[in-house]
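Step one of this worksheet: look at the structure below.
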Amino acid sequence: RAFLYRLWKGNVSSKMLNPRLQKAMKDYLNTNKHGVRFPGKREARLSRQELLCELRRRVRVQTLDGKEAPFSALGWDKHVPAVPLSRLYPRGLRSCAVVMSAGAILNSSLGKEIDSHDAVLRFNSAPTRGYEKDVGNKTTMRIINSQILTNPNHHFIDSSLYKDVVLVAWDPAPYSANLNLWYKKPDYNLFTPYIQHRQRNPNQPFYILHPKFIWQLWDIIQENTKEKIQPNPPSSGFIGILIMMSMCREVHVYEYIPSIRQTELCHYHELYYDAACTLGAYHPLLYEKLLVQRMNTGVQEDLHRKGKVTLPGLWAVSC
Ligand code: C5P
């Protein structure tokens, strides 16, 4: 519990994690699988307002538009939706909810509050059926990693989880964001199922995030963290928070920073325990959370009891 209290105050470091997680972090730093090169400075001195302005200045949601090689030669400009994600809601969204899949959301009774927002973002295969009381039942958008598209266990083609929602997929690319290299060797080949799904469901908005966007978020996390963070992409949760901050006037994030219900139960919908789900091993999750904690404009009580962080939309920040 001591760790949780310090996390709420933004006062933790990776040295306080259990030895197994520390070892995993170190191994990822040594492997540097994605070829990350960070020549910038690492510090954590920006205030909340300065951080928000920095995000407003730099964060631009970018999806594949099919106009760059190798996608241009493959006719992708005809395959991707005509309206880009950044222009899907031209008048913007007012209030948005980002619902993390953490086990700690069980017994929260947050369902009604979550559904009261104009748009609700969920992740990967997180269901609502059977969990309505705690997580609500509205889903506007789903962020899915490339394993969802490629692992048959997820039934991407026929599961109702992926119907009638805006879909945003991503896959870890090289830090160089070289699209040719990525296309030849994605982490999981999401390109084939993406095209197939687009052809079968041409009216469903479905995007693939541009690697530049993902690594730009990584740069921002590292620049604002004193410690060396894992050289791997941010978690879907962090990516989703920034997408919603770009599209909504106000963003309410549930069970990202854990509430008093904190548990090692990885997901609310799965009987599997691992502290890495909440604190990170592959993803620089602990550092993402510290950054989000620094931007929280909500009251402490909401953080402790609901696991809720409130963030202004980037276009509602005055800089
Ligand atoms: O595991 P998955 O990526 O599907 O979960 C969605 C997001 O929720 C994660 O990317 C992470 O940001 C967040 N999460 C968390 N704590 C957990 C499980 C998930 O913060 N225990």
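The analysis underlying the following values was restricted to heavy atoms, covering all of them including side chains, and did not include hydrogens, waters or symmetry mates. Each ligand, and each atom within it, is numbered from 1 in the order the structure gives.
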* Asked: Would a line drawn from the ring center of Phe156 to the ring center of His197 be shorter than 6.0 Å?
  -> yes

* Asked: Cationic tip of Lys33 within the cone over Tyr28's six-membered ring, i.e. under 6.0 Å and within 45° of the normal?
  -> no

* Structure fact -> In short, disulfide (SG to SG under 2.5 Å) pairs touching residues 92-135 with sequence neighbours left out are Cys96-Cys248

* Sole residue of Glu113, Arg305, Arg261 in side-chain contact (heavy atoms from CB on, under 4.5 Å) with Ser108 -> Arg261

* **Contact residues of ligand 1, where a non-hydrogen atom lies under 4.0 Å away** => Met100, Ser101, Ala102, Phe123, Asn124, Ser235, Ser236, Gly237, Tyr256, Cys266, His267, Cys277, Thr278, Leu285, Lys289

* Write out all pairs satisfying side chain to side chain donor-acceptor pair (under 3.5 Å) with one or both partners inside residues 76-91, taking only residues at least two apart or from two chains. => none

* Enumerate the residue pairs fulfilling disulfide (SG to SG under 2.5 Å) with a member in residues 103-157, sequence neighbours excluded, ordered by first and then second residue. => none

